[in-house]
K.L.:
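Here you go, one structure.
Numbering starts at 1 and runs along the sequence shown. These values consider heavy atoms only, across backbone and side chains, with no hydrogens, waters or symmetry-generated copies.
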Amino acid sequence: MRFSKQALSSLLLALFARTAIAQVEAGYDVSLATQVMINKASHSWEWGTVAQALLELYNNDLSVFGPNPFPNGKIPSADPGTFALAYAKQFINRNSQVLADNSAVGDPASLGVSAILLGQSDSTYNGAANRQADYILNQAPKWSNGAISHRPDVAEIWADFIAMVPPFLAYLAVQENNPGLMSQTVAQCGLQRDVLKTSQFLNWRHIIGPQSQDTGLWSTSNGWACYGMTRVLHTLQKWSGSSSMSSQASQLKGWIKEILDGALLSGFDDGLLHNYLNNASWFGEISGTSLLTACAYRMAVNDPGMFPQKYITWADTNRRNIAQHQGGDGVFSPAVNPLAWTDKSKFTSGSPEGQAFTVFMYTAFRDCVGAGICQSSSLPATTISKPGIGPIDILTILDHAITFTSMPAPPTTTCGPPQSCDMNGCAGAFNGLSKFPQCTGNSKGCQCIATANTCGSHQSCDLNGCAGAFNGLSKFPQCTGNFVGCECTATANTCGPHQSCDLNGCAGAFNGLSKFPQCTGNFIGCECTATANTCGPHQSCDLNGCAGAFNGLSKFPQCTGNFVGCECACAATPGTCGPPQSCDLNNCKGAFSGLVTVPTCTNFFKGCVCSPTSTTCGAQQSCDLNGCAGGFDTKGVARCQGNFKGCACKSTSNCDLNGCNGQLQADGSALCMGNFFGCPCKPVWIPAPTSHPPPPPSQPSSPSPPQLPPLKNPWYCLGVIDSWNCGSGPGSCVHDFSLGARNMDKATVESTGHTGVGHSDQDLCGATIGDAIVNCKGDITQSCSGYGVATYQFPNNADGTPNSWTCRTQCGPSGDSSFCFPALNDIFFGNSLGAVLICDRVG
């Protein structure tokens, strides 16, 4: 329907009966501009902006710019037939999560103030407003600092958002008598500013985010932000419930002033601000110029001290220039394309938002004149006295009747309990933002129960506010946030901690060379904990990325790469076994398998080397038999150093055994001159002396002990490094083996040849560790080999002389430790550097 001239006249007469009338000349035809605004609007943010403009134009006492917008601290009772509300009513969804179908978070909220005013006579509109606020505050994506996104699918911050959402939330705070929401609204303006403003400019960037980023200072978006915060400021200041929030009011004024000061510093093209304030290559356009001008007029009235005459002068200049750009049809041009703000083509057919901004500019100028702050060439105002109105209220007499064609009335059918979206011609669908689908055919607007047709193909349970979860023993998870009832693709968040693959109908299986098995029955796609059923027969620990290792408690090694938790079959290696543990612990049951140096586990950790105990060694045998090669340790206990290494043995005194090659000395004692150099023939193992006294002169025929090379600093300990890290699950140990050299003076370590498989002592030969190479000249796998078995060769000194150390092998009986540094053995991690070569003399 259309408002007839008769109806409009009735409306005006009703207004005339209770207001003072004056005509304000702004320099352009606001009635024609208003009609174009209504005719052109076609999107949710345009409808909301038009409704606000109509409210300010015709019923300013209901707007936050009126003298008493919250009588007794409450939302005023408004006639739903009021022009602005009648216009907005046709676009507001009463049975949806959002007030209008739209692909943005903030745009439908532009209708929020109208919904709350309508809610004073019909509570369904208050319910719709509350659902809209819940979506914005609790479901929409947020930036890392908490700023609410303008987009529903990603976190993206737009300056436009400030004109849509904060004015609505501030108005809702009054409706709900919620000062906390008012404070939160001001804080949200600050969070948006923190993202969009940089120290380089006073004005805000347009968009920051992954989809539509625009770092330019778009004049229209700065106008959106400025006018939006101005509405929040007036709401806060005029509501008794926020009377204590003077600091928040000061914040808002400061942020508004920044934007206006930046605009005042910007240049013009044909009397209009450039489309991008910081880019003179852009044409001047009416949209941003009009809205920033309206903001300046409003703030000059709000705080004349903070916004003095220079702001009014700037605004008056802009208004007069804009007036020159109105055509006879009421259209202001050029404007920027409101749907393509980087379009260099001038938009001349009438921008809906641009037309609305000229109405805002008019109402702001009108109120500035009414406050006696701005000057106008209007006719003298006539005062009609009436209690409660004040001395002068000003209303423009419009020359033309403003009309609009109403949309079909919103659905009023009672929906009842939701039914299937596929039945009775419902044709349910999600509108992109709602929690529940709605019928688009019969029973349009009613919620329905999602089906496979409604939901479409599975999407991630973590995207678009789905918040997927399993609702029991189900095969697929379902969305619990947006798209309620739709199945989704499980993620780690959906599945939670791993459970047994055999429980609750999971039916876990490996889907190839994967680390973890996944459920194939219930909880499909969720990883689970492998069982014997899942793993099947033992396979080689070295195949298919298994990377088998003992976890410290099991009889068999388990895969730590692919097929985690599955037992595997493999030969025991340092990589599989880890550092030797006691032969008596953890069901190892260690034993010597013949004439061998070290014992190995025969039960759990089968084949892994273990540390011998009295149980492993059995009764003591002769130190000279079966390759024992016994010698005393540092505590004076004779122990095997060859086969059965570490087992206590019975000492002997035969100087001919074990390569001792004992010889009588001048004082009558017998010393080993071969192996165990300098040791008495009764095998007391002592470190090789640094020098030996020459024989007495009376015995020149006695051979002098060979002289050892002098000691050299720093000295080095070389060997194999094993670093391991174990998680809390079975088979989770990961080893890193390398060849290492420790500077024993500085306690620094160099390493090379990192591998998860392991190293033998022989791998040191030829290795370059740090800046030096290991040159082997004998068998370094035999303990207690003398100096010269290897050298540790650095580059020559600056004078060309060699820079080398001669080395011997580690010798426990002489007091050498088994490690170059104390081994760290924790439950979950550790490392060690097993000593092989001691390089401490001049080479």
Side-chain angles (χ1 to χ4, degrees), residues 43-45 93 95-110 112 128 130-158 160-161 164-165 169 188 191-192 195 207-213 418 420-422 426-440 445-471 474-496 523-526:
H43 297 85
S44 64
W45 77 90
N93 292 334
N95 296 315
S96 179
Q97 188 176 26
V98 292
L99 293 174
D101 296 340
N102 192 270
S103 60
V105 171
D107 293 346
S110 64
N130 282 319
R131 287 193 298 275
Q132 175 70 69
D134 177 71
Y135 173 73
I136 292 170
L137 294 171
N138 301 318
Q139 300 182 47
K142 290 182 174 63
W143 199 256
S144 58
N145 72 340
I148 299 170
S149 171
H150 192 58
R151 305 302 304 169
D153 48 349
V154 296
E156 189 163 83
I157 308 303
W158 292 43
D160 313 37
F161 175 94
M164 315 299 165
V165 172
L169 294 179
Q188 185 61 221
L191 295 174
Q192 301 276 330
V195 176
I207 303 168
I208 297 298
Q211 283 185 346
S212 307
Q213 179 149 305
S420 169
C421 293
D422 291 345
C426 165
F430 290 97
N431 67 6
L433 293 173
S434 58
K435 188 168 185 177
F436 300 100
Q438 294 180 348
C439 296
T440 62
C446 291
Q447 291 179 2
C448 56
I449 299 173
T451 67
N453 292 330
T454 319
C455 298
S457 58
H458 290 192
Q459 304 295 322
S460 169
C461 293
D462 290 346
L463 296 181
N464 300 317
C466 165
F470 288 97
N471 62 4
S474 58
K475 187 167 186 177
F476 296 101
Q478 292 184 344
C479 295
T480 64
N482 289 338
F483 318 111
V484 162
C486 289
E487 293 177 346
C488 55
T489 302
T491 67
N493 292 330
T494 319
C495 297
F523 315 110
I524 194 165
C526 290

K.L.:
List for me each residue that meets side-chain contact (heavy atoms from CB on, under 4.5 Å) alongside Asn145, sequence neighbours excluded, and say none if there are none.
P.N.:
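Once residues adjacent in sequence are excluded, the partners of Asn145 under the side-chain contact (heavy atoms from CB on, under 4.5 Å) criterion are Trp143, Ala147, Leu191, Asp194, Val195.
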K.L.:
With sequence neighbours excluded, what pairs up with Asn453 under the side-chain contact (heavy atoms from CB on, under 4.5 Å) test?
P.N.:
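Testing Asn453 for side-chain contact (heavy atoms from CB on, under 4.5 Å), a comparison that skips the adjacent residues, returns Asp422, Thr451.
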K.L.:
Side chain of Ser149, backbone of Glu156: donor and acceptor closer than 3.5 Å?
P.N.:
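Pair found, side chain donor or acceptor close to backbone of Glu156.
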K.L.:
Under the rule for side chain to side chain donor-acceptor pair (under 3.5 Å), what residues qualify as partners of Thr491, not counting sequence neighbours?
P.N.:
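Expected list: Asp462, Thr494.
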K.L.:
For the pair Cys439/Cys426, is the SG to SG distance below 2.5 Å?
P.N.:
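In this structure, Cys426 and Cys439 share a disulfide.
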K.L.:
Which residues satisfy the side chain to side chain donor-acceptor pair (under 3.5 Å) test with Asp134, sequence neighbours excluded?
P.N.:
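In terms of side chain to side chain donor-acceptor pair (under 3.5 Å), with neighbours along the sequence ignored, Asp134 is linked to Asn138, Gln139.
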K.L.:
Going by atom types alone, do Gln438 and Asn93 pair a side-chain donor with an acceptor below 3.5 Å?
P.N.:
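Short answer, no.
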K.L.:
Sub-3.5 Å donor-acceptor pair from the side chain of Ser110 to the main-chain atoms of Ser44, do we have one?
P.N.:
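Yes, the answer is positive, given that a donor and an acceptor are paired below the 3.5 Å cut-off.
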K.L.:
The criterion is side chain to side chain donor-acceptor pair (under 3.5 Å); which residues satisfy it with Asn130, sequence neighbours excluded?
P.N.:
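Expected list: none.
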K.L.:
Does Gln188 reach the main-chain N or O of Ile148 with its side chain, forming a donor-acceptor pair under 3.5 Å?
P.N.:
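At least one qualifying donor-acceptor pair exists.
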K.L.:
The criterion is side chain to side chain donor-acceptor pair (under 3.5 Å); which residues satisfy it with Gln459, sequence neighbours excluded?
P.N.:
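Only Ser457 meet the side chain to side chain donor-acceptor pair (under 3.5 Å) criterion with Gln459.
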K.L.:
Tell me yes or no: SG of Cys486 and SG of Cys455, less than 2.5 Å apart?
P.N.:
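With an SG-SG separation under 2.5 Å, Cys486 and Cys455 do form a disulfide.
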